[in-house]
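Chain naming here is simple, since letters A, B, ... match the order of the sequence lines and numbering starts at 1 in each. None of the values given here were measured: they were computed from a predicted structure.
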Amino acid sequence: MPTPKGGHFGRILEIDLSNQKYKIVPIDPDTCRRYLGGAGMGSYLLFNRLNAKHDPMAEDSPIFMGVGPLTGTACASTRCSFVNKSPYTGRLSHAEVGSFIGNELKWAGWDGILITGESKKPVYLYIHNDKVQFKDAGMLWGKDTHITEEMILEQVKDPYVKVASIGPGGENQVGYAGVMVERFRSAARTGTGALMGHKKLKAIALRGTRYVPVADRKAFHKAAEANKQFSLKKEGWQGLKRWGTAGLLELKHHVTGSLITKNFQTTWYPDIEEIGAEEANRRFWKKHAACYNCPNHCMKLGVIRGGDYDGLIAEGPEYETGGLLGSNLGIADFDLMMAAIELCDAMGLDAISTGGSLAFAMEAFQRGLLTADKFDGVTLEWGDGETVIELIRKIAFKEGQAGKFLARGVSAMARELGGNAADFACVVKGKEMAAHDPRGDKPRGVSYAMGTCGGDHHEGNSPAGQAKRCLHNSLVICSFVGGYWSPKMFVDMLNPLCGWDMSEEELMATARRIRTLERCFNVREGGSRKDDTLPKRMLTEPLPDGPKKGVVFSPAEMKKVQDDYYAYFGWDDNGIPTEKTLKELGLEFAIKDVKAAAA
Amino acid sequence: MEKKASDAGNDKFLDKKTSRRSFLKGVGTAAGVALASTAMGSVKPADAAEPVKPKPQMKYLFAERQNCVGCRACEYACSLHHEGVVWPAKSRIHVYKHKGVVDVPVICWHCDDAPCINACPTTPKAIQKDPKTNGIKLDAKLCIGAKCNKCIEACPSKFIRRDPEKGMPLMCDLCDGDPECVKACVEQSGNPVGPCLMAGKLGFGVNQAYRNVPPEEAGEDLIQGMFYPNENGERRS
């Protein structure tokens, strides 16, 4: 089989946890070029390996951890992608995570790891270049992600190893449990943690000492450097460097009017001054941290001094974590908010879905749908940070009525409560929405409603934007960096790296191919136009105050978004990719399944 | 401060293992900063009052550890310069992340007394002072490679790593006087943290103050220094 000239290694490591065996799966250069890697490659592999309505928790249901051609090269800010069929939403989902784990995976000489099977006892994987070891994780089971990472680094005796691990949330298969990387980075929005917990895979430790082959070194390094310089000059970067994404907390409150507050009841939260970036800068932040080769150190670390949580080191607040566990819960105490964020990280829970679930429960209490007698005798009120922290721990261990109830997520909770609970359940495609209110920030509604994973703020704010995000997620680079780059800049980098002659049109066709394949997967699971919408609250309730007072994301606007979107990608009125489109994009293998699902 | 800084050059003081931690906690970082600033000041000819006279043409590499954000651009630039491709496993400089919180750039300080040269068993020695940069330089032809472990053991900073391919020690050569890592670091730094790596004509003593600390100890020290400046809180979680 021919091997790729550069960028890709042309091989994937397939792990069978049931028998503790592994094998090398070659990937031909043509597939690499058509699906790039990361989310795209994962969608391709999963589409072919799984059948319609495959049980996501089945033994042969895989997790793909993938990197792209640019990962670990001279390109700035490369990441790692986790792709699996989410046990939480039943859809194809992908989550991207920063830090260095993707680079170590690439430097170990792999384009990805496909994890199948189920182990009988807890294990963790230690992969050093070609050497794959299944190590006993009995000692680590039940430990939080921070301690797990420290213990693994001690065991493997190599401080340069990078670890992706799950916490108690994943072990107990909480639907929205994530994978934590290097303590504070999380690939959380796909239910990967729950799946890893089900497979009894506690962690993946990676170390690589190879380099990524480059077809034309001189041209590639020149293009990569030029692209980085291009982004460096942008003003938006200086803000991110200084304030991280936390800077958006005040901005979205004062200007954009899209800071979610009290389960999307409003976007006006005057207490934001207590928990925003200015406050964090004044009393909390001690250090900045960056991903690989990124000049944009948007991660901020700090320590709580004084009070109950004295000495606690935590990361954040980021816009999402600060919004979901701060303003969305009505919390105005900075220390309690940071302790809640840190606890989510330690327990391996998705801070977005955790915050969404807690806010939903709070509103259920506010409306009298939920009472203390069904909730371990606890009354949950807006801004009650101490109870929130106690509940996050209970969610991770599925402890008591409250823990079990909250761990099911907003959709299931709304079904169980009945009544008008569905009216204030802010979920898209079964997943909680992130911290941008689509009424104030309408382009963000496109990302929530039309994206593959659902409720995801990170999938592009227009049809073309979503195609570009597919590129970012498949080349697996950071959207803060890649967002500034035009298709031409990508092509200038990719061609000398991989030895291709790709045109801009082919690159954008690749993006549409990946997005359409993801769609085919979800069509096969029963997805169609009816899922591509926003929750009832967004479509009917106008914002009561704030800069965008009175604004609503009207159903007519929603319909226009859908129509434009389907037209851009060449899907029919019901959001099903047409046969013509599938043939044009070279997705003939999907035609049969899509037709069967649409019929 | 001035007195302590010159103390840093005193080998007897540093060789006492017990006093190293407390010394660094107390003055290590501050002394480093002070020295760096005096050193940068010493570029100007107005520094005639300075008691320690900088040696002419002497180039050092210096890492202000508190400023490191762990982007590893230095590894990228180093391997690109030496190997022609991005290959951090063969980078001469590396960044160690301690407990996922602090980043410790592990560099060659190009010590004046150079324990690696003393330890090198070959004749003539494979590691020698480079008259051009006054730093150390490895002669790959003379080095006996994987069979020998002497310089790796001797390095007080635990800086030297082995080439994963050829088994040679990976030694910093200051890129013949214009270190690429420093350029990469300066380019990426700023807003609000300054560059971590610096090179220039620095006065005697800078390397001695930091070099005897292995990465793990430096990381622990950084956590204490950056996150618990009053030393009255223990980490919990």
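Using a 4.0 Å cut-off between charged nitrogen and carboxylate oxygen, B:Lys99 and B:Glu220 count as a salt-bridge pair. Residues A:Lys162 and A:Glu104 are not paired through a salt bridge, judged by the lack of any N-O separation under 4.0 Å between the basic side chain and the carboxylate. Electrostatic pairing of B:Asp178 and B:Lys183 counts as a salt bridge here, judged by a charged N lying under 4.0 Å from a carboxylate O. We find that A:Arg283 and A:Asp335 are joined by a salt bridge, their nearest charged nitrogen and carboxylate oxygen being less than 4.0 Å apart. Ion pairing between A:Glu390 and A:Arg393 holds under the 4.0 Å rule for side-chain N and carboxylate O. Looking at A:Asp345 and A:Arg185, no side-chain N of the basic residue comes within less than 4.0 Å of a carboxylate O on the acidic one, giving no salt bridge.
For A:Phe220, no part lies near chain B; criterion is any non-hydrogen pair under 4.5 Å. Heavy-atom distances place the side chain of B:Pro164, and not its backbone, under 4.5 Å from chain A. Within the 4.5 angstrom heavy-atom criterion, no atom of B:Cys74 approaches chain A. In this structure, the portions of A:Tyr292 lying under 4.5 Å from any heavy atom of chain B include both its backbone and its side chain. With a threshold of 4.5 angstrom between heavy atoms, A:Val214 approaches chain B through side-chain atoms but not through N, CA, C or O. Proximity to chain A (any heavy atom under 4.5 Å) is shown, for B:Glu165, by neither the backbone nor the side chain. For B:Val193, the part lying near chain A is the side chain, with the backbone staying farther off; criterion is any non-hydrogen pair under 4.5 Å. Neither the backbone nor the side chain of A:Glu315 has a heavy atom closer than 4.5 Å to any heavy atom of chain B. If you measure heavy-atom distances from A:Thr209 to chain B, the contacts under 4.5 Å come from both the backbone and the side chain. With a 4.5 Å cut-off on non-hydrogen atoms, B:Val102 touches chain A through its backbone and its side chain both. Within the 4.5 angstrom heavy-atom criterion, only side-chain atoms of A:Leu232, from C-beta onward, approach chain B. Contacts of A:Arg242 with chain B are made by both backbone and side-chain atoms, with heavy-atom separations under 4.5 Å. Using a 4.5 Å cut-off between heavy atoms, B:Ser79 does not touch chain A at all. With a threshold of 4.5 angstrom between heavy atoms, A:Lys228 approaches chain B through side-chain atoms but not through N, CA, C or O. Only the side chain of A:His221 comes within contact range of chain B, with at least one heavy atom under 4.5 Å from a heavy atom of that chain.
Defined by atom type and a distance below 3.5 Å, a donor-acceptor pair is present between the side-chain atoms of A:Glu182 and A:Ser99. Side-chain atoms of B:Tyr96 and B:His94 include no donor-acceptor pair closer than 3.5 Å.
Cation-pi contact between A:Arg210 and A:Phe9: absent, since separation from the ring centre below 6.0 Å together with deviation from the ring axis within 45° is not met. Taking the ring centre of B:Trp87 as origin, the terminal cationic atom of B:Lys90 falls inside the region bounded by 6.0 Å and 45° from the ring axis.
Options B:Gly70, B:Cys68, B:Pro192 differ in how many heavy-atom pairs under 4.5 Å they form with chain A, and the most are formed by B:Pro192. Between chain A and the options B:Ala73, B:Gly100, B:Ala184, heavy-atom pairs under 4.5 Å are most frequent for B:Gly100.
Nearest heavy atom pair, residue A:Ala203 against residue A:Val163, reads CB-CG1, 4.1 Å.
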